[in-house]
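Below are the structure tokens for one structure; questions will follow.
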Amino acid sequence: MQVTSYLCQFKRLRRGPVAGGLLLWFASIAGAAQAAEITNGFDEKLKAPLAMGATELKTSAQGYSDRFARLRELSPAEQVTNKALFLEHFDLVWQLTRALEDKRPMEDLSALGLVKHEGGFRIDYNAYPQWQPFPETLSSLVPTLDMAAAGPLLINRGFRESDVAALRSFIETHDLKTATSAHTLPMAISFSKVVKKYDKIKRPVGKDLVFSFLYQRGKVEAEARRAWSEDLVHTLDDQRVRVLHSYFTEMQGIGYWSPSDTESGVANLLTFMRLPDYEQRATAEARGATP
């Protein structure tokens, strides 16, 4: 696991040939596993979900895939507004991530699109889109759209000039980093204070506490990204959302989920959290300044 910034914004899974260690994704995204709502501050008492056994994990993956398939029959907008299923996906991928990172035995999940590959999984997103939900697609790709190039392509597919203008305006006025930092920055600062409190009383900062932070922070960011995507689809009518969905799904390809070095990642993370000026650095980064 490699910490790449003071806000712990690690690599996020993208459409394309390779994805980095799965744990890194979560340090960047109230599901079925935990009913309690996660607030902006880190909650020491709220633990990451306990690891599922191999059989339970496969049953959960099958159940999620079935529910996704039913939702997929509805409009693409429903895939964005269905918060419960999106967060179920988060919790399930968290479980899969932890199983990979801990090198725990798992049952064969290839029928669900997770094909074993070099200690991780190879996924065909075209055949198994449940592993790359539409809200994640929107929040990953829309902010990077070159509207000068994408606009005419979307018009050829059914967008109107007014729809292109609405999409361009949304991108210009709804900064994703600002939207997510509003939730993740307080979480990171709060955890940094907990780490320093533990250090002051000479109490070890255990790996379980770190994973609780990663889980909580990942979940609030995931929901912030989904909410951002929901605001986006509300600016378009259902037909144009379908056009956007078809435009992006044609970009889907093969992805790889691979484990990462959690030991060095945890150590690296705690090094950042212990910086005397961590709060100032993290706040500056959230505002786009160089720490």
Exercise. Is there side-chain contact between Ile171 and Met147, with at least one heavy-atom pair below 4.5 Å?
Worked result: yes

Seminar exercise, completed: To the nearest 0.5 Å, atom CG of Leu275 lies from atom CD of Gln280 at 10.5 Å

For this session: Could you label the plane-to-plane angle of the Tyr256 and His117 rings as parallel, tilted or perpendicular, counting under 30° as parallel and over 60° as perpendicular?
Result: tilted

Exercise. Do Thr180 side-chain atoms and Lys177 backbone N/O form a donor-acceptor pair below 3.5 Å?
Worked result: yes

Exercise. Taking the side chain as C-beta and beyond, is there a heavy-atom pair between Phe248 and Val243 under 4.5 Å?
Worked result: no

For this session: Evaluate the side-chain proximity of Leu154 to Leu167: yes if any heavy-atom separation is below 4.5 Å, no if none is.
Result: yes

Exercise. Is Asp163 reaching over with its side chain to a backbone N or O of Arg160, donor-acceptor style, under 3.5 angstrom?
Worked result: yes

Exercise. Is there side-chain contact between Leu209 and Phe213, with heavy atoms separated by less than 4.5 Å?
Worked result: no

For this session: Taking Trp228 for its side chain and His174 for its backbone only, find out whether a donor-acceptor pair lies under 3.5 Å.
Result: yes

Problem set entry | Contact summary for Ala54 and Pro105, nearest pair of heavy atoms | CB-O, 3.7 Å

For this session: Determine whether the side chains of Tyr125 and Gln130 contain a donor N or O and an acceptor N or O closer than 3.5 Å.
Result: no

For this session: Please round to the nearest 0.5 Å and tell me the distance separating atom CD1 of Ile123 and atom CG of Leu112.
Result: 11.0 Å

Exercise. Does a side-chain N-to-carboxylate-O contact under 4.0 Å join Arg242 and Asp238?
Worked result: yes

For this session: Begin with the C-alpha distance, continue with both residues' side-chain angles, and end with the deciding distance and a verdict on side-chain contact (heavy atoms from CB on, under 4.5 Å) for Phe159 and Gln239.
Result: CA-CA 9 Å; Phe159 260 51; Gln239 179 57 34; over 6 Å; no

Exercise. Do Lys207 and Glu263 come within less than 4.5 Å of each other through their side chains, counting heavy atoms only?
Worked result: yes

For this session: Using atom types as modelled and distance alone, determine if a side-chain donor or acceptor of Gln95 lies under 3.5 Å from a backbone N or O of Met52.
Result: yes

Exercise. Is it true that Glu230 and Arg225 have a side-chain N and a carboxylate O under 4.0 angstrom from each other?
Worked result: no

For this session: Taking atom CD of Glu161 as the centre, report whether more than 12 heavy atoms of other residues, nucleotides or ligands fall under 6.0 Å from it.
Result: no

Exercise. With a 4.0 Å cut-off, would you call Glu44 and Lys197 a salt bridge?
Worked result: yes

Exercise. Measuring from Gln216:CD to Ser190:OG, what's the distance to the nearest 0.5 Å?
Worked result: 8.5 Å

Exercise. Checking Thr249 side chain against Ser246 main chain: does a donor-acceptor pair fall under 3.5 Å?
Worked result: yes

Problem set entry | Heavy-atom neighbours of Lys196 NZ exceed 12 at 6.0 Å | yes

Problem set entry | Rounded distance [0.5 Å steps], CG in Leu92 versus CG in Leu87 | 12.5 Å

Exercise. For Ala48 and Trp94, which heavy atoms make the closest approach, and how far apart are they?
Worked result: CB-CZ2, 3.8 Å

Exercise. Does the Arg217 side chain pair with the main chain of Ala188, one donor and one acceptor, at a distance under 3.5 Å?
Worked result: no

Exercise. In terms of side-chain geometry, is the basic nitrogen of Asp237 or Arg240 positioned less than 4.0 Å from the acidic oxygen of its partner?
Worked result: yes

Exercise. Can a donor-acceptor pair be found between the side chains of Asp261 and Ser264 at a distance below 3.5 Å?
Worked result: yes

Exercise. Of all heavy-atom pairs between Ala150 and Tyr247, which one has the smallest distance, and what is that distance?
Worked result: CB-OH, 3.9 Å

Problem set entry | Any Leu138 side-chain heavy atom under 4.5 Å of Val233 side chain | yes

Seminar exercise, completed: Rounded to the nearest 0.5 angstrom, the CZ-CD1 distance for Arg122 and Ile254 is 4.0 Å

For this session: Please determine if Asp108 and Lys116 form a salt bridge, counting it only when a charged side-chain N lies under 4.0 Å from a carboxylate O.
Result: no

Problem set entry | Inter- and intrachain pairs under ring pair (Phe, Tyr, Trp, His ring centres under 6.0 Å), touching residues 52-74, at least two apart | Tyr64-His89, Tyr64-Trp131

For this session: Just do the side-chain contact (heavy atoms from CB on, under 4.5 Å) check on Trp257 and Thr97 with the steps written out, would you?
Result: CA-CA 9 Å; Trp257 295 2; Thr97 298; 5.9 Å; no

Seminar exercise, completed: Heavy-atom closest pair (Tyr128 atom, Ser110 atom, distance to 0.1 Å) is OH-O, 4.0 Å

Exercise. Counting N and O atoms only, with roles assigned by atom type, does the side chain of Ser212 sit under 3.5 Å from a partner on the main chain of Lys47, one being a donor and the other an acceptor?
Worked result: no

Exercise. Any ion pair linking Asp102 and Arg104 (charged N to carboxylate O, less than 4.0 Å)?
Worked result: yes

For this session: Give a yes or no on this: more than 12 heavy atoms of other residues, nucleotides or ligands lie within 6.0 Å of atom CG of Asp208.
Result: no

For this session: Kindly determine whether Phe121 and Val115 satisfy side-chain contact (heavy atoms from CB on, under 4.5 Å), including the steps that lead there.
Result: CA-CA 5 Å; Phe121 293 122; Val115 180; over 6 Å; no

Exercise. Do Tyr215 and Phe90 have ring centroids that are under 6.0 Å from one another?
Worked result: yes

For this session: Report yes or no: do Thr262 and Glu101 form a side-chain donor-acceptor pair below 3.5 Å?
Result: no

Seminar exercise, completed: In short, Pro186 meets Ser181 closest at the heavy-atom pair CD-O, 3.6 Å

Exercise. What closest approach, in Å, do Val164 and Gly151 show between heavy atoms, and which atom pair accounts for it?
Worked result: CG2-O, 3.9 Å

For this session: Decide, yes or no, whether a salt bridge links Glu78 with Arg72 under the criterion of side-chain N to carboxylate O below 4.0 Å.
Result: no

Exercise. Would you call Ser139 and Leu176 a side-chain contact if the rule is heavy atoms closer than 4.5 Å?
Worked result: yes

Exercise. Is the shortest side-chain N to carboxylate O distance from Asp199 to Arg274 below 4.0 Å?
Worked result: yes

For this session: Side-chain contact test, heavy atoms from C-beta onward, threshold under 4.5 Å: evaluate it for Glu107 versus Leu57 and give yes or no.
Result: no

Problem set entry | Worked verdict on Thr283 versus Glu279 for side-chain contact (heavy atoms from CB on, under 4.5 Å) | CA-CA 6 Å; Thr283 302; Glu279 182 172 349; 4.2 Å; yes

Exercise. For Thr178, does its backbone N or O pair with a side-chain atom of Asp175 as donor and acceptor, under 3.5 Å?
Worked result: yes

Problem set entry | From Ser60 atom OG to Glu88 atom CD, the distance as rounded to the nearest 0.5 Å | 8.0 Å

